[in-house]
Structures are given as C-alpha cells and as structure tokens.
Amino acid sequence: MPKTAPETAAAGGDPGPGLILGFARVVARDLRLALRQRGDALLAVLFFVLTAMLFPFGIGQEPNLLQRIAPGVVWVTALLAVLLSLERLFLRDYEDGSLELMALSPVPLPVIVLAKVTAHWLTTGLPLLAAAPIIALMYGLPAAGYGILLAAMALGTPTLSLIGAVGAALTLGARRGGVLIPLLVLPLYIPVLIFGVSAVDAQMAGLSARPQLLLMGAGLLAAVALAPWAAAGALRQAVE
Amino acid sequence: MAADNSSQAASAPSAAPAAPSGRPRAGVRFAGRDLGCVRGDRAIFAGLDFDLPAGGALVLSGPNGSGKSSLLRVLASLLPPAAGQLLWDGADVARDPEAHRARLHYQGHHEALKPELTAAENLGFWAGLQDKSAGAVARALARFGLADLADQPVRLLSAGQRRRLSLSRILAAPAPLWLLDEPSVGLDARSVRTLEAEIEAHRAAGGLVVLATHQPLDLADPRALSVDDFPPAPVTADDDPWAGALW
Amino acid sequence: MGNELFGEYAAYVWPSYGLTLLVMVGLLAVSLTRLKRLKRDLRALEQAQGGRRRRRSAADADEEA
Amino acid sequence: MSTQAAAPRKTRSLHRFANPGRFLRLADATLPWLWMACALALAVGLVGAFTAPVDYQQGASVRIMYVHVPAAWLAMFTYTTIAVASAVALVWRHPLADLAARAASPVGASFTLLCLVTGSLWGKPMWGTWWVWDARLTSVLVLFFLYLGHMAIANAFDDAGRGRRAAAILALVGFVNVPIIKFSVDWWNTLHQTASVSRIGAPAIHSSMLWPLLTMALGFTLFFAAILLVRMKNELLGQRLRNLRAASLQRRGEPGAAATGQPAHAES
C-alpha cells in the first residue's frame, strides 16, 4: 500500500515486519557477526574437548571406568562450555546501544531474545553436538550410546542456552556481571544434566531412553515459552 | 519506582488546546503532564509539563546532569516515569507502549553500529526491523553523503562518518516522533546543515522533534524547555511521609 | 529423663540445638545492631538539618501512595 | 495534590514508599507480640521434644528432627515468601514487597544452611558419613545455591532498586524451577540408589512426637515473621538514610538554598 511520506510521518510508525521475518533478520545478523569473528564458536568447542580430555589424567585410563563416566563427563563439560559463552549473548549489544534500539523496535523483545538465543545455539550448541562423538570415542562409549547422546544433547543444549539467556540478561550492568552468571544459572541446569546423562545410561543398560528424552523435550518447550519472556523483562530493566 | 496512578485522577488532561500556531490541520499532539523521573535512588526532575504540536520542535537545554537525557529516555518509554503521564493525541502512552514505540526514533549517545558489518548491512538490519526495503536504506545513506561508503566495514569509518551513519538510520524508516540526544556532536559544519534540513523536512511533513543539544541548531520557532526549571522537591519537604513515624 | 535425653548420640543432638540457637541469636543480633546504628545515624542527620518538629500530630495527613 | 499554579510546586517527594510511616508503626505494634508468641511456641515445642518417646530404631538422634524439619520447612516457606513478594513487586511495583524479598533472603539462606548441617548431623550416626546424597538433602542443597544467587544479584548493582528488581525476576524463575529440580533429583536419587543408603523413611510419627514438631515449626515461622519485620525496618531506614545523604549533598551544592523545604534551583 503505497503511503506517501507525510501520511506515514503524521499518522504513526509502520507495523514492523511479521514475527517470523523479524526473528529471521535478527538471527541472520547475529550469524553474520559470528562468522565475521569465528573465534568465539571455536573457543567453546576447544574448551569442551580440552576439559573432557582432562578427566582421564585425573581418574586414570581404566577402560570400563571411563566408559561408565563418559555421558557424565560429556554433559558436564558441554554445560560448562555453554556457560562460558553466555556473557557475550547480550553484553556487546548492551554496550554499543543496539539493545536500546531493539527494545524500541516493533519486533517484540521476547522474539528478539529467542532469535539471539537461536543464533547463540547455532554458534555454540551445534558445534558441541558435532564435537561430542569425538569425546565419546575417547572414552570408549559403546556404539549404541552415540545416537541417544546426540539426541539428548540436541534437546538439552538449546534449553541450556535459553535458561542461560535469563542469567545473562539479569547480570547486564552488574558489577562483575560475568562472574555472577554461573551462580545464577548452574542450579537451574541440574534437571537438564540429570535427564541428559540418565538418557544415555538407560540406553547403555538396554532400557529405552524414551522417558528421559520426552522429559527433556518438555523442558525445552517450557524454556522456549518462559525464558525469552523472563529475559525480555530483565533486558527492559537493563536499558532503563 | 512506584508508578503512581492515584495522582493522575487529580490532573485529568483537559481537551488538547487548539493548535496555537493556528495551523488548520488538526495534527497530532505530544504532551507530558506532571512528569517525574527517578534514576537509581536519585530524583532527577518532577512536575515537568510540556506540549508539542505536529510540526513542532522542542529543544531541551540545561547543564550537564540536569536530566535532559533522562527526559528523552522517559519520552522514548525506555525509562518508565516515576510520576505523571505522557499523552499522544490525548491518549495515555502507557496504555499502548507498542504503538508508542512504533511511532518514534530514539538516537542516544551510542551509535548502535557493529564494526565488523558494513554501513549498508548495519542500516539494513535496523531498517529491516522496521520492515523497510534496501531502497530506503540507499536513499537514507545518500541524504547524509554516505552513498560511496555503503560497502565499507564500519570499523574503517571516522567518528563523524559513524555519527552520520547512525543519524541516517532515522531517515531509512519514517516515524512521526524523533527523539535526538545531542545529534550534532561530532558532526562537521556541512553535516550539521544537512541535519537541520532533514529536521525541517520532517517537521514540514507533520513530524515532531524533541532534541537535547549544547550547540544551538537554527530551527524555525523551536520551543525551549529547561529541565532545570523542574527540580525534584527535596526529600525533607513538609509532606515528608516519614514524619512522626520513626520515634 | 535419664538415658533417652542424652543417649549415645548426645554428641549429635546437642550440636544441632546449639547450632539452631546460634543461627537464631546470630540473625537477631545482626539485625538489631544494624537497626540501632541506622536509628543513631538518622537521628544525627535529622538534627543536623535544623530543628524540625519531630513529633507531628497523629492527624498529620500521611498521603497514601 | 500537585497544583498547576506557577507557585513552587508542592509535589510529593518521589521516594514514596507505601506510606512507610504506617508500616513502621504497624511493625512496632506487632513485633512485641510476635516475639512473645515465638518464645512461647519454641519453649513448649522444646519441652515436648525432649519428653517425647525415643524412636526405637534411631535412638536419641531422632530429636534432631525437631530442629531439622522446621528448618527445612522454613527454608521452603521463606523462598515461597520471596517469590510471592517478588511477584507483587514486579506486577504492582509495590515498594515494600521489594524490600521484603531482599530482607528475607539472608534469613532463608541461614535456615537452609542450618537444615543441611542438622541433616548431616542426623545422618552421621546412621550412615557413618557426614554427607549423604539423599534426595531431600540434595534438593535443599540446590535451594541453598538459589538463595546465594538471589542475594548475590540483589547486591550486584550500584543502584539498589535495579538490584531488587533483578533479584525479583530471578526469584520467580527460581521458584518455577524448584519443583522441577525436586522431581529430577528424586528421579536421579532412585536411579543411583546404592544399597548402603537406606532412604531415611520418615520415622512413624506417633502423635506424641508430632505435636512438638508442629509447635517447633510454628515457633520457627513466628521467628521468621518477627526477624523479617525487623530487617524490613532496616531496609527502610537504610533507604531513608541514603535519601537524606543524597539530598543534603545536593543542598550543599545549592548556594543560598533555604534550610527548610523551599525547593531551590539546583545548580548541580
């Protein structure tokens, strides 16, 4: 509908793009930014593999011991890798003023938060998923476990990013905000860790991992519904 | 901050006064009634009123730290007012914040530009959030003389060029209300004139501008408001709610 | 009240009650001393800002927020 | 009410708490009664606790239950109070709710710690170890970290109001997660139930052991209510002190400002 400039100027702003389009544009920008500085994604994966590699030095390389703790180690190190990368989720946008403009844009803030978390997951969670089999291999995880491990991480890592986003948003503008995120977020990570590991354990024991995966799916849906809304509330406070 | 609703009943907004400049068109009016602002535990200003017709420009003056930026953030609905009401066409802005956000552009001290992205990409993103085409972006860049820098990564641009790029963001997507916080800082003389021309064009089209500035911009009959004239009542005023309560 | 009261687990029962008392008294002490200090500072500051009538009549119209 | 007249406006000070005067008077009125009721409940509870029959299996160590269980109850009750106060603070922006949440958090953390320590003291005679990964103790341990997170973020900001509001959101997010954590820890506990750790089945509560337990719980709750009111007064007075100091700084910067409430032009 061709509107000449005066009408739009006097009448009121334009309705923003649809939610999906706004979401896609924020994801596209964040991915382009991440591509322009590939370091961050790589750091998370390197931390993940390196930390997982430390355990045998501590615990010894006795095969069936390593095999038993493999899911636990993979999940704990993945969780810590996600935790490390949470601070850069909003901090740069908060410091250069982009967050204010996003809060003022027609695209609702929860949608923008969801888009930023999706971009964060694509640049952090997915690489962890890709690197997990390497660690499982190092620990001698039986072949049957790989599929469930990846399925569980595919459901779990986005939940970690979503819950982490609330922590990252809450600590914006705090003194030493980054140090605070683990304290706020780790207690909330415990259910994901428990079900993630028990899914693989159930598979190893020959039981079906369906209940664990279903619960993790429910956790993910709940996180998708609540976390962006809570993080948006925290961001609104940060841009005051 | 307690958003205090009970006091609004007392100062119910009267019908918007007729446009003083006798302009026939019943343009929109942007007004503030008894605005109060608290940031951190410090009261910044209180009892602030203003009234801006369509095509009007409100220039905020006052020494540093008197609350010009805070007022602009209150008008942009970034900072909820601790007291009082914002009215757009007589309707309380707090009732429909989305609509208010859609009708304004806010330009703060930060430029919201990513050094890794090119000028066109940066502007394209912000215009994209307003659902504007690439054509609008190109026109906006051209109006601020940045057409040839479109494909330059922003980290290679000078501070002045970044400032102009940030201002051109406002031109890419038209919105009736411009809230500019010291827009002319860091601009060379030619760019300041371009800025003034853009503001006048916007006002001619019925838009409104509220800007805080230290360097005077020559705009047609601007309305002045000194935030300094509305200091907060000191805490120990007579109506001290603590009186007689402590011991 | 012989053996049951103490029993061989006395070494665990008494520390638990002792600790409970410690927590309660500790919290109380911390809060009350802070209250006293705040009141002292406030009274000093109020007096420093000129002799305002301290005791206002109860009828004073405290405005409802 | 603020007049539109050109005369210097008599606007209310913007630091309106929900009429602090009335809250302080209310608090001062109820506090003595609360302390008396708390002392009475605790005294009666203690007498009951030490006269109740001893559980045949656990011997006298079951007496720890009379502090451990009320502490666990108070840990949960306080977190619920914080969550409700946070919801009120965020939805209705009621300033006193903000203060209540901030004042209650350290109290909750202390009783959660008390619950953990008394729990391990109770478990030691039975299992020979100070810490046992029992489902309930582990959940209380996680709750303790939720408290620490709440207190940490409440103090992490220079602007006290910003800290309180951020803590309010965290309290709500935490409150939603507590049942999920409880469920997952129970699930995890049943999975890894090693033979040696017999679930400490709640000892068959004979009525003569039950009423002291409930009385002690009442005593703990009354203590919480009283200490909360005292700590809220502290928060209010602290806020008042900061406001007065800020105002006097501002006034010192104003040449010729009259001493009393005449609003002068701030030169700052």
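These figures come from a predicted structure and were not determined experimentally. Numbered from 1 within each chain, the chains take letters A, B, ... in sequence-line order.
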By a 4.5 Å heavy-atom criterion (distance strictly below it), what part of [X] contacts chain A: side chain, backbone, both, or neither?
X	value
B:L208	neither
B:E98	neither
B:Y106	both

Toward chain B, the part of A:Q237 with a non-hydrogen atom under 4.5 Å: neither
Rounded to the nearest 0.5 Å, what separation is found between the [atom1] atom of [X] and the [atom2] atom of [Y]?
X	Y	atom1	atom2	answer
A:E240	B:R39	CD	CZ	8.5 Å
A:R236	B:S77	CZ	OG	7.0 Å
A:E100	B:H110	CD	NE2	6.0 Å
A:S105	B:Q130	OG	CD	7.0 Å
B:E121	A:R36	CD	CZ	4.5 Å
A:D30	B:F125	CG	CZ	7.0 Å

Heavy-atom closest contact (B:R101 atom, A:A103 atom, distance): CD-O, 3.1 Å
Heavy-atom closest contact (A:L104 atom, B:A76 atom, distance): CD2-O, 3.1 Å
Selection from A:D93, A:D96, A:L21 maximising heavy-atom pairs under 4.5 Å formed with chain B: A:D96
For chain B, the option from A:L99, A:V239, A:L101 that forms the most heavy-atom pairs under 4.5 Å: A:L101
Stepwise side-chain contact (heavy atoms from CB on, under 4.5 Å) check, B:K114 with A:R29: CA-CA 10 Å; B:K114 294 292 178 190; A:R29 182 192 80 135; 3.3 Å; yes
